[in-house]
Every structure is written in structure tokens, then in C-alpha cells.
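The structure under discussion appears below in the form of C-alpha cells.
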Amino acid sequence: MTSHDAPHPVHHHEAGRHEAHHHEAGRHEARHHHDPESSAEYLDRGARQAAALTARTLDRAASALAAPVCSALDLGSGTGAGTVALARRFPEAQVHALDLSTQLLDRLKDAALVAGVADRVHTHPVDLDDDWTTLVPGGVDLVWVSLSLHHVADPASVLQRALSVLRPGGVLVITEMSGSIQLTPDDLGTGRDGLAARAASGLAAEGYPTTADWTVPLTDAGFVHTQRELMDLTVAGDDAEGAAYLAAQLSAWHSILAQSMSGDDLVALKAAESEIRAGSSPVTENSARVAWVAVRPDDTAPDAMEADVAVVGGGAAGLAAAIAMARSRRRVVVIDAGEPRNAPADGIHNALGNEGVPPRELLAKGRAEAESYGVLIVHGAATRAHGTIDDFTVEVDGGSRRVHARRVILATGLKDDLPDVPGVREAWGRTVLHCPFCHGWEVRDQHIAILAPDEVALHQVMLFRQLSKTVTVFLHEAADPTPEQWAQLDALEVTVIRPRVERLVVDGTRVRSIEVDGGGSYDVDAVAVVPRFNARTELYEALGGEATVTPFGRQIAVDARGATAVPGVFAAGNAGDPMAMVVGSAASGVATGAAVHADLAFSDLDRAVRARRAVHERAVNERRAASAMA
């Protein structure tokens, strides 16, 4: 989300090398804003609206890094909001901004000066399709590419250049727009029904928004552990900043829609713009962004590592366990694939002192704390495990690296087995929910749908009904309620829909409606589902364990200390307790870490006693031998 993180229509038929290789800002503002200063101001307004998403994405990038950021690149920097955000987020970093427009780079310099980071910001006027690698230092920690990659002539080459300048273990972040633009109210405050929908349709016909999926190109370029996350952006016209941005947006759209909308619609669109500028409009715009975080393989890490304990999983449970053990001077290696279950959520809840903290920000803090005590964190997936107590081996990324350890803690979490309904996965963790304690407050007083699995989820109904008066149960594939259940649903004033659910209509990560068999459609704001919680038990089974099957899903059976049925193998967090929230998982990690340290301490004591006894017995035998010879 750099300074050009503002939506602009994309026209692939526009020609010219400068047009084709410039970032989104300069490309479209040159067309729709004849005044360059006005264009840049509009871009800056858009960047300010997206500031929270920028911060969230930077936190995610930081959590994927195993070391402090000393250098960063902003490819397609525009007016520099992203560059400044990088410099502020990483106060020790030298930040290099690359852009084709010298005018925008000059504006970036001014912004860096105002922000007090000018001494660490370096600008480079360059076409991203040229070889810019000679202009920047090697061994960069972080490369940031926001809404610009799909404008270059050869994205694959740009990705390969980014890989070449990153240090091993360095991170590349790409952001793009995703989904459609949703404007409310539908008349844009003009009384002309359907105006917003027709505007959005016209923009779509013109190729806006342009989206691209960089997952495969990132893999082809040599990146690993690519993570993809959708984020919502809402701009409301009820404050001066939002109103100014939306008014400029509608002004830019007016000329684009001139050929596809009727004259009356265009007049109404101008009226809506005027009302927004006057501060008398209720217009709100919702859109989505998607971020990819990818890592350059760390081929400098040792192939073989010795540890007292190998912790598989770097979430709350794994990091808490690692810290507990490292503070007792245990050698600990954490193996983390960087795919936390709660990544889609905006923030964690019910964690005292950390209410609303983004999940990846919490993990970034936890990683820093663990490393401060000497924990080694290895980026990669634990793909195989074998051995017995005091002699375990965990293989990383197919055996490219190995950790040899005396004990193993499986903090591998679980996978949510979601209903096979289109739209559920797209909005999962945002407006498709499962836990009223984790997400309920955020959807209070909204229209909440309960998507029943194979039976009526009355516990979900009761808990979410406490949060909203408007709750609808969609029976989907569940049997009809019993007479007692009908009476309970009726007492709670809950509406019940019988036809099978066909799909959720989702815009970005927002559920808009539910469509059922037969053509019915129901507007809703959030959907509660009841997934099965399946722990990742593959490594446990490879070590000789057997997964436990419960009504909620598969899990690893543990005792109060986190010990499993396999000697030397422990489990913490959701691997053994599918209902544990973040704070519960962290507590589980501390308890299990302490138990493993104690287990090792008793083992060490036993070894010491046996070694001392062996020395004593050897001395006795030597004296007896000497006496016999005398």
C-alpha cells in the first residue's frame, strides 16, 4: 500500500513505454487529473485511507523475517507513503525508493523530510523493466511492491531481480486490488435507484479493478512459503478526509463512464460528487486488497542442527514453550512454516493486555522475545520426523535441513475443515466466523446467519443470539429440527430457512447475501459456521502416535503436562486442545515448555547419577585389581 494505493481504472489499450511501465498512480492520474499537484494530492489521500492496511501488511512482513530490517526497497514508490511507512516501521533501515517519475520522487523527498526520515531514504528514477539491481545494495531484507507489478512489461523478470537483491531469508511483499468496488447507498444519496451498481458495472467493463494472482509467478521465480491474505478497505464520506478522497474518485470515474452510462446517470453521478464535497452525503466505499508475502530460500542455514528440544510450529503455543525452555538455558530450535491459523483475523481478542493486536504483530513480538533468549527459528515446513526419546530427527523442507533433538514439542495447531460451500473460504476469519468469543463483538447487532452442518447448531444460535436480535438459521444439509428444537428456536425469535445453501455471495472478504436452492437470496452481514477442527497429526503418527477422533475432529491426546503417548513427544496449543484461544494456547505452551524442561532435568540427573556411579564402580574395581596384584 504505497502512495498509489488508491483505486484507478485500468486501460490496457493505453500505449507508450512510459504508460506501460509506470505505477498505477502516474498512469491514471495523468489521464484524469490534468494538474499534477492535484493528482499527487489525490494519491496521498488514498494512501492515508489505506494507512491501517499498510501497517497490517508491514507487521505481516516483519513476522516473516528472522532478523531486523536494515535495508528495504519500494518498487514503484509513487508519492512515497509506502517508503515513509517502511522507514518509520523499521527505524534502522535504509530505504530505497524506485519510480519512473522524477516529479513524484521529488514529492517523496519532501514527505520523507517532514517525517524525519530523509537521512535514510534514497530515491532512484528508473523504469522497473530496466536492470535496476545495480542501483541498489545487495543483501536487502525487504522488497515492497504495491499496486505496480501488473504494469511492468515483464513481471517475471522483476520478480527474479527482486529475488537476486534479497538476502537469504529476505521477504518480498506484493499488494494488489481484489474483488469489486461496493458503493453504498445504492442511489449514492441522489434518489436515483441502482446508480452505484451501474457505476460499478461500467467500471468493470472498462477493466477496473485489474487484479492479478502472483502465487504461481512467485514460485516460478524461486520464492518459498508464499502467504496470501485478503484485507478490506472502507472509505466513508462522513469525515473531511474521506469525503475529499471519494469526491476525487467520482470525478475520475465520470470521464471513464461517459460512454457506458446514460446522461441522467452521469448527471446524478456529478450530483453525488457535489454532495460529497459539501459534506452532506452518506456514501461509503468498500473494496479489498490482497497481499502476498514470500521468502527467498535461506540456503545459508546449517543443514544439521543439534538441540535439546525441537518445537514444530511458531505460533503462540510454540513460541511460549520455546521461551519457557530457553530461559532455563535449553537449546531450542523452532521450525515454522509461517502459516498461522488466525492470520485472516484483524486482531486477537480475550488476550489480556493485547486486545485487538493483529495476530502477526503478536507473533513478531514473540519471535523477537524468543530470539533474545537464544532460540533458533528455522523458516520451513517440518515434513518428516522419526526416532525415539533422546534421539529424534525432524526434517525440514523435504530433508534439506535436519534438527536432531532429545525431545519434540508439536505445536502444529489445527486445520479448520470448513463447509464445502462457495464463498465460505473466501470470507473465512473476517465475516465467516465460528467463535462468538473470538469474533462475536465485531458483528454485534448485525444480521447473523448460522450455517448448520449435519445437525442444528443450537449452541451457536444461543451464543450469537446474545449478540444480535437478527439471527437466521440456514438448515443446509441438517435434518429438520425436533419439536423441542423448534420450540427453542421460536422462543429465541430465530428465523429458519430450509432449502440447501448454494453459495455465499462475497465481495472481497465481506458476505453480502446467501443464495439457496431454488433461487432464493437472503441479505446477511455475517455467517457463523461449525467446522471440524482437525489437528495436524501427520508428524505425531510418523513418530508412532495415533490420532484421537472426537466429535469435533482429530486431535493429539495429551495429559496435563502436554505429554503424549509417545515417550519424549509433547503437544501444546490447538494440537491437543482444539478449543484453546490465543491466550489459552500460550498458557499451554508455557506449561508444556516447563514440563519438557523438567523432563530433561530429571533425565540429566539420572545420567549424572549413572555417570557418577560408573566412575565410582570403576575406581572400586581398579582398587580391587591393584589389591589382588599386590
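Just so you know, these numbers come straight off a predicted model, no measurement behind them.
Judged by distance alone, the side chain of Asp127 and the main-chain N or O of Leu100 form no donor-acceptor pair under 3.5 Å. Although no hydrogens or angles enter the test, the distance criterion places a donor-acceptor pair under 3.5 Å between the side chain of Ser468 and the main chain of Gln446. Side-chain atoms of Thr102 do not come within 3.5 Å of backbone N or O of Pro125 as any donor-acceptor pair. Between the side chain of Ser146 and the main chain of Ser77, no donor-acceptor pair closer than 3.5 Å is present. The backbone N or O of His434 lies less than 3.5 Å from a partner atom in the side chain of Gln460, making a donor-acceptor pair. At least one donor-acceptor pair closer than 3.5 Å links the side chain of Arg296 to the backbone N or O of Leu163. Between the side chain of Arg88 and the backbone N or O of Pro91 there is no donor-acceptor pair closer than 3.5 Å. Glu426 places a side-chain N or O within 3.5 Å of a backbone atom of Gly423 that can act as its donor or acceptor partner. Panel note: side chain Asp416, backbone Leu418; no donor-acceptor pair is recorded below 3.5 Å. Here the side chain of His349 pairs no donor or acceptor atom with the backbone of His439 at under 3.5 angstrom.
Looking only at side-chain heavy atoms (C-beta outward), Glu442 and Leu433 stay at 4.5 Å or farther from each other. Using a 4.5 Å heavy-atom threshold, the side chains of Leu58 and Trp144 count as touching. When side chains are defined from C-beta on, Asn286 does not count as touching Asp507, because their heavy atoms never get closer than 4.5 Å. Counting heavy atoms from C-beta outward, Val136 and Leu98 have side chains that approach closer than 4.5 Å. Annotation: side chain of Lys109 is in contact with side chain of Asp106 (closest heavy-atom distance under 4.5 Å). Side-chain contact check for Arg89 versus Thr57: every heavy-atom pair is 4.5 Å or farther apart.
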| query | Could you go step by step and tell me if Thr234 and Arg510 meet the side chain to side chain donor-acceptor pair (under 3.5 Å) rule? | reply | CA-CA 11 Å; Thr234 300; Arg510 294 175 179 271; 2.8 Å; yes
| side chain to side chain contact (heavy atoms under 4.5 Å, CB included) assessment of Asp131 paired with Thr134 | CA-CA 7 Å; Asp131 185 8; Thr134 58; 4.3 Å; yes
| From CA spacing to verdict: side chain to side chain contact (heavy atoms under 4.5 Å, CB included), Thr431, Val443 | CA-CA 8 Å; Thr431 53; Val443 297; 5.9 Å; no
| task | Test Val69 against Val171 for side chain to side chain contact (heavy atoms under 4.5 Å, CB included), laying out the working first. | result | CA-CA 10 Å; Val69 176; Val171 168; over 6 Å; no
| message | Is there a side chain to side chain contact (heavy atoms under 4.5 Å, CB included) between Leu149 and Leu159? Walk through the geometry before answering. | response | CA-CA 9 Å; Leu149 187 59; Leu159 291 176; 3.9 Å; yes
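Atom CD of Gln259 has 12 or fewer heavy atoms from other residues, nucleotides or ligands within 6.0 Å. Residue Lys469 places its NZ atom among 12 or fewer non-hydrogen atoms of other residues, nucleotides or ligands, all under 6.0 Å distant. Around the CG atom of Asp119, the shell of radius 6.0 Å holds more than 12 heavy atoms that belong to other residues, nucleotides or ligands.
With rounding to the nearest 0.5 Å, the separation of OG1 in Thr495 from CD1 in Ile450 is 12.0 Å. Note that the CG atom of Asp220 and the OG1 atom of Thr215 stand 11.0 Å from one another [nearest 0.5 Å]. We find the CG-CG distance between Leu188 and Asp193 to be 11.0 Å, quoted to the nearest 0.5 Å. Between atom CG of residue Leu475 and atom CD1 of residue Ile497 there is a gap of 8.5 Å, rounded to the nearest 0.5 Å. Rounding to the nearest 0.5 angstrom, the gap separating the CG atom in Asp141 from the CZ atom in Phe90 is 9.0 Å. One finds the CG atom of Leu86 at 6.0 Å from the CG atom of Leu142 (value rounded to the nearest 0.5 Å).
Remark: the Ser101 side chain and the Asp99 side chain contain no N/O donor-acceptor pair separated by less than 3.5 Å.
Applying the side-chain hydrogen bond (donor to acceptor under 3.5 Å, both in side chains) test to pairs two or more places apart or on separate chains, those with a residue in residues 194-203 are Arg198-Asp265.
What you find for Gly189 and Pro282 is that their closest heavy atoms are CA-CD, 4.5 Å. Annotation for Pro185 and Ala196: closest pair O-CB, 4.0 Å, computed over non-hydrogen atoms. The two residues Arg277 and Ala247 have their closest heavy-atom pair at CG-CB, 3.4 Å. Listed here is the closest heavy atom pair of Asn342 and Pro359: O-CG, 3.3 Å. The minimum heavy-atom distance between Asp239 and Ala236, with the atom names listed, is OD2-O, 3.7 Å. Asp129 and Arg161 make their closest contact through O-NH2, 3.4 Å (heavy atoms, listed as atom of the first residue, atom of the second, distance).
Annotation: cation-pi geometry not satisfied between Arg425 and Trp428 (NZ/CZ under 6.0 angstrom from ring centroid, within 45° of ring axis).
Considering only residues two or more places apart in sequence or on other chains, Trp132 meets the ring pair (Phe, Tyr, Trp, His ring centres under 6.0 Å) condition with none of them.
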Kindly list each side-chain donor-acceptor pair under 3.5 angstrom involving residues 511-527, sequence neighbours excluded, with atom names and distances?
residue, atom, partner, partner atom, Å
Glu515, OE1, Arg503, NE, 2.9
Glu515, OE2, Arg503, NH2, 3.3
Asp525, OD2, His447, N, 2.9

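Between His150 and Trp214, a ring centre-to-centre spacing not shorter than 6.0 Å is recorded.
Ion pairing between a basic and an acidic side chain is recognised when a charged N comes within 4.0 Å of a carboxylate O; Arg107 and Glu41 show such pairing.
Each of Arg289, Arg56, Arg430 was evaluated against Glu229; a single residue qualifies, Arg56, per the salt bridge (Lys or Arg N to Asp or Glu O under 4.0 Å) test.
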